[in-house]
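Just below is one structure, and these are the notes that go with it.
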Amino acid sequence: MAIRHNYKKLKIFTGNANPDLAHDIARYLGTTVGQSEVRRFKDGEINIRIGETVRGADVFVVQPTSAPTDTHLLELLIMIDAFKRASAKEVAAVIPYYGYARQDRKTQPRDPISAKLVANILTAAGADRVLTMDLHAGQIQGFFDIPVDNLRGMPILADYFQRKEFDDVVVVSPDVGGVSRAREFANRLDCSLAIVDKRRPAPNVAEATNVIGDIEGKTAIIIDDIIDTAGTICEAVRVLVERGAKEVYACCSHPVLSPPATERLAESPVKEVVVTNSIPLPAEKQLEKVKVLSVASLFGEAIRRIFEELSVSKLFD
């Protein structure tokens with residue numbers, strides 16, 4: 001979609017985290033990704049080179065802070081600093097996946113609140129606003145003193161399943177914490193809701209023991225914001241199949257897929273796992289049962305509206 005204003009004043013840049021998504025966003029906006037190079041000194045320090053003028057431009061840096069999280073976060077911070085020192089009018093950090101979001105509060109004495117720390121660092125680096133999607137905890141928006149737009153991938157996921165036209169569907173929350181998300185998804189699909197009773201005896205270890213709701217003979221769709229090691233999803237699939245679900249699908253916004261996620265999903269009876277490209281999937285994480293949906297148009301439209309000073313709220317529906 002063409003920009004009504006002078007497109008030369010809108011510039012899209014990217015680091016190494018997800019260049020394909022950045023190029024797709026740029027194509028949606030009718031422009032190209034700006035010239036930049038991420039290099040390293042001999043000792044491993046990151047060296048950013050910007051290859052074109054950004055003076056007076058609205059710069060959007062597309063960089064999810066996915067694995068390796070620390071490297072991609074530091075790339076983003078250095079790029080923001082470079083653009084601010086090059087007299088960019090405004091610099092927006094476009095972070096489709098916000099790393100460290102799961103450390104949003106103290107659960108034990110002497111725990112850090114890393115999500116707040118990252119917010120402080122982004123602001124200190126010079127970011128004027130943040131554009132992200134499906135934060136693990138919505139209150140992270142309040143960690144910033146700059147504008148934050150938290151887009152939602154749910155409409156994209158819901159549209160995909162609506163086009164499948166299942167007969168008898170139930171949306172399933174894999175744990176109690178995701179009930180509000182699952183309820184909204186169920187409302188979009190106009191179907192019933194069920195909840196998996198999950199215990200987490202240790203980090204990245206999940207045990208599903210029971211299902212609250214009627215799932216027997218139905219097509220179950222599990223929704224979560226993140227699939228990390230896939231322990232929660234695979235345990236939920238197992239207990240749903242045991243309780244008589246006809247078939248089970250799963251979906252999420254952010255396919256982190258840390259080991260041994262791909263092995264677990266490959267062995268699981270889950271029919272299909274639907275994710276977005278907020279995080280790129282390398283070849284070793286790609287499975288036949290994993291379907292990737294693009295969020296380029298969502299972010300492209302949000303960037304267009306921010307640049308043209310239009311309302312972004314329409315994109316939250």
Side-chain angles (χ1 to χ4, degrees), residues 15-22 24 62-73 95-103 132-136 153-154 156-157 160-161 164 171-175 177-178 181-182 185 196 198-208 219-242 245-296:
N16 290 331
N18 199 343
D20 289 342
L21 176 58
D24 289 345
V62 180
Q63 180 84 337
T65 50
S66 51
T69 306
D70 303 340
T71 297
H72 290 155
L73 176 59
I95 312 174
Y97 171 69
Y98 186 94
Y100 290 104
R102 285 173 285 182
Q103 301 178 47
T132 186
M133 184 180 79
D134 286 335
L135 288 168
H136 185 67
M154 185 179 294
I156 295 173
L157 297 171
Y160 176 80
F161 283 106
K164 283 186 172 291
V171 168
V172 180
S173 173
D175 52 36
R181 182 188 306 109
F185 199 60
V196 173
K198 183 190 77 173
R199 302 285 188 272
R200 193 177 285 282
N204 289 327
V205 177
E207 294 179 356
T219 297
I221 303 174
I222 306 169
I223 182 168
D224 211 343
D225 61 330
I226 297 171
I227 297 179
D228 188 357
T229 61
T232 295
I233 291 294
C234 290
E235 271 292 290
V237 172
R238 179 189 62 79
V239 74
L240 290 171
V241 170
E242 287 179 356
K246 182 170 67 174
E247 55 185 7
V248 182
Y249 291 76
C251 63
C252 77
S253 297
H254 307 302
V256 176
L257 301 187
S258 304
T262 50
E263 290 82 0
R264 284 174 170 171
L265 292 174
E267 297 169 1
S268 170
V270 64
K271 184 83 171 178
E272 188 176 45
V273 182
V274 184
V275 302
T276 79
N277 62 344
S278 65
I279 298 174
L281 288 184
E284 63 271 16
K285 292 185 179 181
Q286 294 177 12
L287 297 172
E288 188 174 332
K289 63 173 67 175
V290 175
K291 171 71 175 178
V292 180
L293 306 179
S294 177
V295 293

Residues in side-chain hydrogen bond (donor to acceptor under 3.5 Å, both in side chains) with S253, at least two apart?
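Expected list: D134.
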Which residue, I222, L257, V275, V274, forms the side-chain contact (heavy atoms from CB on, under 4.5 Å) with C252?
V275
With V292 as reference, evaluate V273, N277, I279, T276 under the side-chain contact (heavy atoms from CB on, under 4.5 Å) test and give the passing residue.
N277
Among residues at least two apart in sequence or on other chains, which ones pass ring-ring contact (aromatic ring centres under 6.0 Å, His included) with Y97?
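Applying ring-ring contact (aromatic ring centres under 6.0 Å, His included) to Y97 gives H254.
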Distance, nearest 0.5 Å, that separates [atom1] of [X] from [atom2] of [Y]:
X: I226; Y: L135; atom1: CD1; atom2: CG; answer: 9.5 Å
X: Y160; Y: E272; atom1: OH; atom2: CD; answer: 3.5 Å
X: D224; Y: D175; atom1: CG; atom2: CG; answer: 6.0 Å
X: Q286; Y: L281; atom1: CD; atom2: CG; answer: 6.0 Å
X: I95; Y: L73; atom1: CD1; atom2: CG; answer: 8.0 Å

Write down the atom of L287, the atom of T262, and the distance for their closest heavy-atom approach.
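Of all heavy-atom pairs spanning L287 and T262, the closest is CD1-O, 3.6 Å.
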Which atom names give the shortest non-hydrogen contact between N16 and Q63, and what distance separates them?
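Nearest pair, atom of N16 first, then Q63: N-OE1, 3.6 Å.
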Backbone N/O of V256 and side chain of K285: donor-acceptor pair under 3.5 Å
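It does hold such a pair.
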Okay, side chain of R264, backbone of T229: is any donor-acceptor separation there less than 3.5 Å?
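Such a contact is found between R264 side chain and T229 backbone.
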